[in-house]
Amino acid sequence: MESRYNPRQVEEKWYRFWEENEFFHVQPDSGKQPYCIVIPPPNVTGILHMGHALNNTIQDILIRWKRMQGYCTLWIPGTDHAGIATQNVVERQLAKEGLSREDLGREKFLQRVWEWKEKYGSTIVNQLRKLGASCDWRRERFTMDDGLSEAVITAFIQLFNRGLIYRGNYIINWCPRCKTALADEEVEYQEQEGFLYYLKYPVIGEKRKFVTVATTRPETMLGDVAVAVHPDDERYEFLKDKKLLLPLMKRELVIVKDEIVDPEFGTGAVKVTPAHDPADFEIALRHKLKPVIVMDQAGKMNENAGKYKGLDRFEARKQIIKDLESQELVEKIEPYIHSVGHCYRCNTVIEPYISRQWFVKMRPLAKPAIKVVKDGKIKFYPPRWEKVYLHWMENIKDWCISRQIWWGHRIPVYYCRNCWREESEYDFTPKDVNSLKGVIVSAVKPERCPECGGNDFIQDEDVLDTWFSSWLWPFSTMGWPKIKKRSPHSIKEGEKLNDLDYFYPTSTLVTAQEILFFWVARMIMAGMEFIGEEPFRDVYIHGTVRDEKGRKMSKSLGNIIDPLEIIQEYGADALRFSLISITAMGQDVYLSRDKFISGRNFTNKIWNAARFLIMNIGELKEIRIDRVSVFDAWILTVLNQLITDVNQSLSEYNFNESASLLYEFFWHKFCDWYIEIKKKDLYSGDELKSTQAKIILIYILDNILRLLHPFMPFITEEIWQKIKPFLPLAYSSLGKEYRDFPTIMIATWPEVDDRIHDPRSVELMSRVIEIIQAIRNIRAELNVPPAKKINVILAGEDGEILDLFDRNREYIMPLATLDDIEIHRQDIERPDGSAFGTAGRVNIYLLLQGIIDIQKEKQRLRDKREKFYQDLENVVAKLENKEFIAKANPQVVAKVRERKKELEGAIQELNSILDSL
RNA sequence: GGGCGGGUAGUUCAGUGGGAGAACGCCUCGCUUACAACGAGGAGGUCGAAGGUUCAAUUCCUUCCCCGCCCACCA
């Protein structure tokens, strides 16, 4: 074995071994308890970033832990077709060839997207393999697979039949670049510096009278149809029966009174642009105003914009202000910070826009989804997310599900060419599609129109929002709708369970806070609606991975730390362990490259400890171990405690705590103390002693490897396979049953052994450690060469610990580089030439006569102290100098004060060392 | 405007009604046959500020100040 762990050599090997032997694959097993996680499907366009790495490490830890505990454990992987994102990627590719999707046409374009998917779509799942994710790849799904597409269509039709789907002209969020509608959640608001423009609208029939309105988007004035004021606003009483003139367009505007207007804001008068502002749209509905659409789908001004037709919206803004200024109709322009909506896929400024879209009525779906959380059937970790969830659910708005793109599930609605008439674009009443003539909702193209008997149909051009397939993920991946979940009592004894019967509801959902509304909330609604049961029991929401400055990692900021690079450099185990160590429940993770060093160092430590044991193990003979030393009892008891604590923290999703427990035990108990103590036996030449030592060392190593395996799957497997041949013998020597497994990943999870439970040994050992550390401390402070063996006298009333030292002197002496220990069961007078220290109720005398020159050492320390005194005097003088205090930079003064404290501390310390000599 | 999270060592962060911790960095000593990616020792913090509850507060309560996030019809 090499002295350094080399992850590259082992990771690929073991992953292939696991996957080829199908250790990840399971079928429902009624003899076991199920444990199931569905992966938050990454976008097919995705490449593994730290957020994925964290998310999937957490899932893999849970899965591997439960699998070893004996659950029938299933982790379903897959990818999301990510409608807009994927379409954008392929469109960019086409653009390089000078083509647009329109050039290709719908069919050819979709073919191109599928080709892209076949070629690049498995990038991210292969990267998950590198991370060590133990997904059941035989069940890998894609949201546009046949089965999942069927689920989407079925869900749409079911909602339609329940009257929960409607079509309507409504104001929605429009991305002028993607040329599609977006759901409210798909808009990202960013604070931006802009201007608030105060525009003067002349009052008709009055000379030199104006109403001033404020707006951040002057170009929308072209679509103004009214000005609204608060009903109680007396300032505008004079406008009764008056109208305003819309400048530039010479259109008459009515005055409407509406409660929504805040008299405090701006001038208290609001221009009303129903076609381009959601609030104005609502006002228009209330007052029966007809909207004027002044932009096209690309965000350019249209024919309703008069002479501004063809201008981009931002160009138009400049031009309009210029024109208004020349007519002296701009009262003022103030700098203004406001939040502007951006497309979450391409970051273009969103335009509120009236268009015909499909919607889902959400209130009826939200109701059971609220109840199931309130009833405690779904628990959030950390719990604060429950409030966030409920607040959103209780104020839920209808979901715009249609998208004007091509890549996705096409809406299963057909229009009869013969009898269907498109409703007016100014008809704003939501349409129950059943009431529309010639509109047919159907999974397949209908044969005949039920209205007129026609047989010529066109399908709706739109596709469904990506999340309309994602929200079905927990059960569509299990075969719904072909497979149905049956109620437990309808299943006959011995009858085969299907995946839904067995694995649904899944156990834990592990996800990021960003998609709580997008995905988590909607999955709960879908689960209740389509299966009648919650989709998961626990929701663990981890934090966002950010850079060291707290910014999100993004390509444009160039602050990405690539997990694959970290894997290449330090190994997947180091990446996983480091990530998990710094992830406190639900807290954001601030990451920098050096965070991974501690994980890498830990893998190396594990490697070398194992290397040491394997090198020393030689041949092992079976013996009967029925008596163990206090040290053995200590490590076995601490191991018991570790098992309990790791189970506890994992079941509470305190992953960082589990990680630090394991780290602490392995490094600072097992390596620092237990192995060091056992070296005596290993090197003793006494076969019984060395065999017993080997057996317990191997046994502990086996246990810790199993406990570490969920966190660090690769290195634990590599080492475990090397020690595996010795395990049957080690187990039987300890009187334990050993079960053989081909891989550690399905080996049994360690259990607490009640036969070995000796809290007394733990108490004693902590005092032993304390005394040894005190000895080392004195040695270091007095400059005793680390390799120089010395004698120590321990004296005092603590008979118990003194006995322990007495009996185990040969184990303890190497730990402190001692030549001999002399024990006195009562205190003694301090011998000449000794240094003094205490630990608990034990006095420690280090016999340094002849080792160091005590007088000389004393003199050295006194000299040192003298120097400090002089420095201190100078510092104090400086601080008492009023001129200095008055003139000097406060930072300098603070530094001098700090130095004073430092010196005082150092002097005090030297005094205490001198006292002990 | 409403809500949430955070402010603890030089840095990044755990944690707790009674003893202040880890990693990385720093200082001293040591390449002692598992590991220098190591070992031994050490320095370093009025736990954001002010009040209150308590025998006891970094921890619980109130107010305030900074940082971050989410939600909202910020015209």
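Both backbone and side-chain heavy atoms feed into the values below; hydrogens, waters and symmetry mates do not. Residue numbers start from 1 in every chain, and the chains themselves are labelled A, B, ... in the order their sequence lines are given, proteins ahead of strands.
- Ring pair A:Tyr344/A:Phe518: centre-to-centre distance below 6.0 Å.
- Just one residue in the list A:Arg317, A:Arg313, A:Lys271 forms a salt bridge (charged side-chain N to carboxylate O under 4.0 Å, His left out) with A:Glu219, and that residue is A:Arg317.
- Phosphate contact (OP1/OP2 of B:G39, side-chain N/O of A:Lys605, threshold under 4.0 Å): present.
- Of the side-chain N and O atoms in A:Arg384, none sit less than 4.0 angstrom from OP1 or OP2 of B:C4.
- By the ring pair (Phe, Tyr, Trp, His ring centres under 6.0 Å) test, A:Tyr336 pairs with A:His338, sequence neighbours left out.
- Here the separation of B:U8 from B:G3, taken at their P atoms, is 25 Å to the nearest Å.
- Nucleotides B:A9 and B:G48 are separated by 8 Å at their P atoms, to the nearest Å.
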Side-chain donor-acceptor pairs under 3.5 Å in residues 381-395 of chain A, sequence neighbours left out?
unit_1	atom_1	unit_2	atom_2	d
A:Tyr389	OH	A:Ala369	O	2.9
A:Glu394	OE2	A:Lys374	NZ	3.2
A:Asn395	ND2	A:His391	O	2.7

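- For the P atom pair drawn from B:C55 and B:A43, the interatomic distance equals 36 Å after rounding to whole Å.
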Residues 769-778 of chain A, side-chain donor-acceptor partners within the protein, below 3.5 Å, at least two apart:
unit_1	atom_1	unit_2	atom_2	d
A:Arg776	NE	A:Leu815	O	3.1
A:Arg776	NH2	A:Leu815	O	2.9

Between the protein and nucleotides 71-74 of chain B, which nitrogen or oxygen pairs come in under 3.5 angstrom?
unit_1	atom_1	unit_2	atom_2	d
B:C73	OP1	A:Lys397	NZ	2.9
B:C74	O2'	A:Tyr336	OH	2.4
B:C74	N3	A:Ser339	OG	3.3
B:C74	N4	A:Ser339	OG	2.4

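- The CD1 atom of A:Ile790 sits 16 Å away from the C1' atom of B:U32 (whole-angstrom rounding).
- At a cut-off of 3.5 Å, with distance as the only test, a side-chain donor of A:Asp224 or A:Thr273 sits close to an acceptor on the other residue.
- A donor atom on one side chain and an acceptor atom on the other are not found under 3.5 Å apart for A:Asn604 and A:Arg4.
- As judged by a 4.0 angstrom heavy-atom cut-off over every strand, A:Thr216 is placed among residues touching the sugar-phosphate backbone only.
- Applying the salt bridge (charged side-chain N to carboxylate O under 4.0 Å, His left out) test to A:Arg522 and every residue at least two apart in sequence or in another chain returns A:Glu185.
- Residues that satisfy the salt bridge (charged side-chain N to carboxylate O under 4.0 Å, His left out) test with A:Asp573, not counting sequence neighbours, are absent from this structure.
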Under 4.0 Å protein heavy-atom contacts per nucleotide of nucleotides 15-30 of chain B, with B for base, S for backbone only and - for none: --------SS----SS
Can I get a per-line list of side-chain donor-acceptor pairs under 3.5 Å for residues 659-673 of chain A, giving both atom names and the distance, sequence neighbours left out?
unit_1	atom_1	unit_2	atom_2	d
A:Ser660	OG	A:Glu657	O	3.3
A:His668	ND1	A:Asp672	OD2	2.9

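- When the P atom of B:C4 is taken as reference, atom OH of A:Tyr381 falls 21 Å away, rounded to whole Å.
- Between A:Lys387 and the phosphate of B:G3, there is no side-chain N or O to OP1/OP2 separation shorter than 4.0 Å.
- Using a 4.0 Å heavy-atom cutoff across all strands shown, A:Tyr198 reaches no nucleic acid atom at all.
- To the nearest whole angstrom, the two C1' atoms, one in B:U12 and one in B:C47, are 16 Å apart.
- Closest contact between the side chain of A:Gln513 and the listed nucleotides B:C69, B:A34, B:A37 involves B:C69.
- The residue A:Val213 sits apart from the nucleic acid: no heavy atom pair falls under 4.0 Å.
- Here B:U32 presents its C1' atom at 13 Å from CZ of A:Phe612, a figure rounded to the nearest Å.
- Going from the C1' atom of B:G21 to that of B:G45 covers 11 Å, rounded to whole Å.
- The shortest side-chain heavy-atom distance between A:Lys595 and A:Ile561 does not fall under the 4.5 Å cut-off.
- By the ring pair (Phe, Tyr, Trp, His ring centres under 6.0 Å) test, A:Phe655 is found to be paired with A:Tyr540, residues two or more places apart in sequence or in another chain being considered.
- The interatomic distance linking A:Leu579 (CG) with B:A14 (P) rounds to 14 Å, in whole Å.
- Nucleic acid contact for A:Arg776: sugar-phosphate only, since backbone atoms but no base atoms lie under 4.0 Å from a heavy atom of the residue.
- Within the 4.0 angstrom heavy-atom criterion, no nucleotide atom of any strand lies near A:Lys271.
- Using a 4.0 Å cut-off, no side-chain N or O of A:Arg600 falls inside it from OP1 or OP2 of B:A37.
- If you measure from atom CD of A:Glu781 to atom P of B:A40, you get 16 Å, rounded to the nearest angstrom.
- Protein atom CG of A:Asp588 is 13 Å distant from nucleotide atom P of B:G7, rounded to whole Å.
- Comparing A:Arg4 and A:Gly268 against RNA chain B, the residue whose closest nucleotide sits nearer the 5' end is A:Arg4.
- Under 4.0 angstrom from either OP1 or OP2 of B:A40 there lies no side-chain N or O belonging to A:Asn777.
- Counting any heavy atom pair closer than 4.0 Å across all strands shown, A:Gln773 reaches sugar-phosphate atoms only and no base atom.
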Which dot-bracket string fits RNA chain B when only Watson-Crick or G-U wobble pairs with both atom distances under 3.5 Å count, crossing pairs get [ ], and | stands for a partner on a different strand? (((((((..((((....[..)))).(((((.......))))).....(((((..]....))))))))))))....
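- Rounded to an integer number of Å, the gap from A:Lys788 NZ to B:A40 C1' is 18 Å.
- Applying the salt bridge (Lys or Arg N to Asp or Glu O under 4.0 Å) test to every pair with at least one member in residues 253-267 of chain A, sequence neighbours left out, gives these pairs: A:Glu237-A:Lys257, A:Asp258-A:Arg286.
- Spacing between atom CD1 of A:Ile675 and atom C1' of B:G39 amounts to 13 Å, rounded to whole angstrom units.
- For A:Glu781, the salt bridge (charged side-chain N to carboxylate O under 4.0 Å, His left out) test picks out no residue, with sequence neighbours left out.
- A:Glu676 comes within 4.0 angstrom of a base, heavy atoms only.
- When the nucleotides B:G39, B:G41, B:C35 are ranked by their closest atom to the side chain of A:Asp672, B:G39 comes out on top.
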